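So the structure is just underneath, and the comments pick up after that.
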Amino acid sequence: MSRIVETSVYSADELEGAPRNHARDWYRRTALSDDWHDYLFDDFGLICAIIGVDLRLRPVRLHGGGTR
């Protein structure tokens, strides 16, 4: 059964006081979820290659049928 969900969206300039601070705190907590760890894994692999450590990598099958 489908349903319609409505959401009100405000810009930061439209908020004042506690709601603005709450929005700021939420952004600070969640803004770092931009896949920063991908670069960390790449750097780790490069460092291992430089010092002669052989990493064993294997593909992982995903639910959609692809691999990663």
Side-chain angles (χ1 to χ4, degrees):
M1 174 182 231
S2 63
R3 63 183 183 173
I4 296 174
V5 177
E6 293 184 22
T7 302
S8 298
V9 178
Y10 301 94
S11 69
D13 295 335
E14 295 177 299
L15 299 174
E16 294 180 3
R20 187 175 194 160
N21 291 333
H22 180 72
R24 238 186 230 152
D25 290 339
W26 172 84
Y27 182 78
R28 288 178 183 144
R29 285 192 314 271
T30 61
L32 295 178
S33 60
D34 59 356
D35 296 334
W36 60 268
H37 49 79
D38 287 343
Y39 302 108
L40 181 70
F41 295 137
D42 291 341
D43 290 347
F44 179 73
L46 180 61
I47 291 169
C48 286
I50 290 171
I51 63 174
V53 174
D54 183 27
L55 296 176
R56 293 184 185 175
L57 302 176
R58 61 182 173 88
V60 176
R61 187 171 301 196
L62 302 175
H63 292 287
T67 58
R68 162 175 90 145

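Residue numbers run from 1 in the order of the sequence given. Not measured: the values here are computed from a predicted model.
Within a 6.0 Å radius of CD1 in I51, more than 12 heavy atoms belonging to other residues, nucleotides or ligands are found. Within a 6.0 Å sphere centred on CD of E16, heavy atoms belonging to other residues, nucleotides or ligands number 12 at most.
Taking Ile, Leu, Val, Met, Phe, Trp and Tyr as hydrophobic and joining them when side-chain heavy atoms fall under 4.5 Å apart, one finds L15 in a cluster with Y10.
Here the side chains of D25 and H22 are not in contact, with every heavy-atom distance at 4.5 Å or above.
For T67, the side-chain contact (heavy atoms from CB on, under 4.5 Å) partners are P59, not counting sequence neighbours. Applying the salt bridge (charged side-chain N to carboxylate O under 4.0 Å, His left out) criterion to D42, with sequence neighbours excluded, gives no partner residue.
Between L55 and C48, the shortest heavy-atom contact is CD2-SG, 4.0 Å.
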